[in-house]
Amino acid sequence: TGNSATVTNGVYTTGTQTISGLKTFTGGLLSEGAGTRSFRAGTSAGATSQGQSSVAVGSNAGQTTQGGSAVAVGYSAGASTQGGNSVAVGNRAGQTTQNINSVAIGSYAGNNTQGLSSVAVGQSAGQTTQGDKSVAVGAQAGNSGQGASSVAVGIFAGQTNQGANGIVISSLGTVVNNTVAGHIIIRSSTANITSAGNTANWTHSGTWLAGSDKRLKKDINPITDALS
């Protein structure tokens with residue numbers, strides 16, 4: 001039903017209309033998805049085997065085998081084999097084989113083979129073969145071959161083949177890699193902290209102070225029998 005003021009090719013173009021029931025748009029504009037309670041909007045979005053309660057918005061988003069309760073927003077986001085409960089937002093984010101419970105936000109984030117329960121936020125973060133349970137935040141952080149359970153924070157942090165269980169945090173905006181498993185690197189313009197196993201090094205500029213003010217201390221007690 002609707003306002004009969006203007007009708008073009010059988011479609012109301014002015015006024016307020018009320019549409020009831022399921023409508024099919026052959027041009028692929030939007031429709032209820034293939035899965036129960038799913039939704040798709042865009043050419044070929046959610047076209048084949050879209051899972052239950054999933055959302056695909058954008059051309060080719062969630063196109064083939066989108067998992068249940070998954071979300072894909074953007075051109076080719078989550079396009080092929082997006083895992084259940086995963087989220088892909090951005091141009092080609094999580095495009096191919098995004099595993100379950102993972103998150104990819106940003107153009108090309110988690111683009112190809114994003115691991116189980118991993119997170120990639122930023123342009124090309126975790127782009128290729130991001131390991132399970134890893135985190136990459138920042139443009140090109142953990143970009144290629146990020147190891148499982150590793151963390152990369154900052155632009156270009158852990159960009160290539162970051163070791164498993166490693167941590168790279170950088171504010172430099174330049175490439176800082178760490179390929180050895182379990183190593184920790186923290187970089188800024190004035191400090192460099194590196195930890196390998198039980199060994200740690202700190203390189204810094206300026207003065208490193210350790211407070212020794214009585215007002216900062218607690219549980220102060222005299223030492224008895226210090227001198228005999």
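Heads up: numbering here begins at 1 and tracks the sequence. Quick caveat: nothing in here was measured; it's all calculated off a predicted structure.
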Shortest non-hydrogen contact from [X] to [Y]?
X: S86; Y: Q98; result: OG-OE1, 3.5 Å
X: A157; Y: A152; result: O-CB, 3.5 Å
X: S150; Y: G163; result: CB-O, 3.5 Å
X: G126; Y: A136; result: N-CB, 4.0 Å
X: G138; Y: A125; result: O-CB, 3.5 Å
X: A141; Y: G154; result: CB-O, 3.5 Å

Say whether, by atom type as modelled, one donor and one acceptor occur between the side chain of [X] and the main chain of [Y] under 3.5 angstrom.
X: Q140; Y: I155; result: no
X: S76; Y: A79; result: no
X: Q82; Y: V71; result: yes
X: Q66; Y: V55; result: yes
X: R37; Y: S53; result: no
X: N111; Y: R92; result: yes
X: Q114; Y: V103; result: yes
X: N143; Y: F156; result: no
X: Q50; Y: F39; result: yes
X: Q162; Y: N177; result: no

Please evaluate residues N192 and R187 with respect to the criterion side-chain hydrogen bond (donor to acceptor under 3.5 Å, both in side chains), reporting the C-alpha separation (whole Å), side-chain torsions for both, the decisive distance (0.1 Å), and the verdict.
CA-CA 5 Å; N192 175 13; R187 295 274 177 87; 2.7 Å; yes
Nearest-0.5 Å distance that lies between atom [atom1] in [X] and atom [atom2] in [Y]:
X: Q63; Y: S80; atom1: CD; atom2: OG; value: 8.0 Å
X: S144; Y: Q130; atom1: OG; atom2: CD; value: 11.0 Å
X: S134; Y: Q146; atom1: OG; atom2: CD; value: 4.0 Å
X: Q95; Y: Q127; atom1: CD; atom2: CD; value: 10.0 Å
X: N99; Y: N85; atom1: CG; atom2: CG; value: 12.0 Å
X: N161; Y: T129; atom1: CG; atom2: OG1; value: 9.5 Å

L116/I100 under side-chain contact (heavy atoms from CB on, under 4.5 Å): CA gap, chis, key distance, verdict
CA-CA 6 Å; L116 169 74; I100 63 172; 3.1 Å; yes
If we only count heavy atoms from C-beta on, is the Y108 to Q123 side-chain gap below 4.5 Å?
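No, every pair of side-chain atoms sits at 4.5 Å or beyond.
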Is there a side-chain contact between I167 and I169 (heavy atoms, below 4.5 Å)?
yes
Evaluate whether atom CD1 of I185 has more than 12 neighbouring non-hydrogen atoms of other residues, nucleotides or ligands under 6.0 angstrom away.
yes
Between V153 and V168, is there a shared hydrophobic cluster once you connect ILVMFWY residues whose side-chain heavy atoms come closer than 4.5 Å?
no
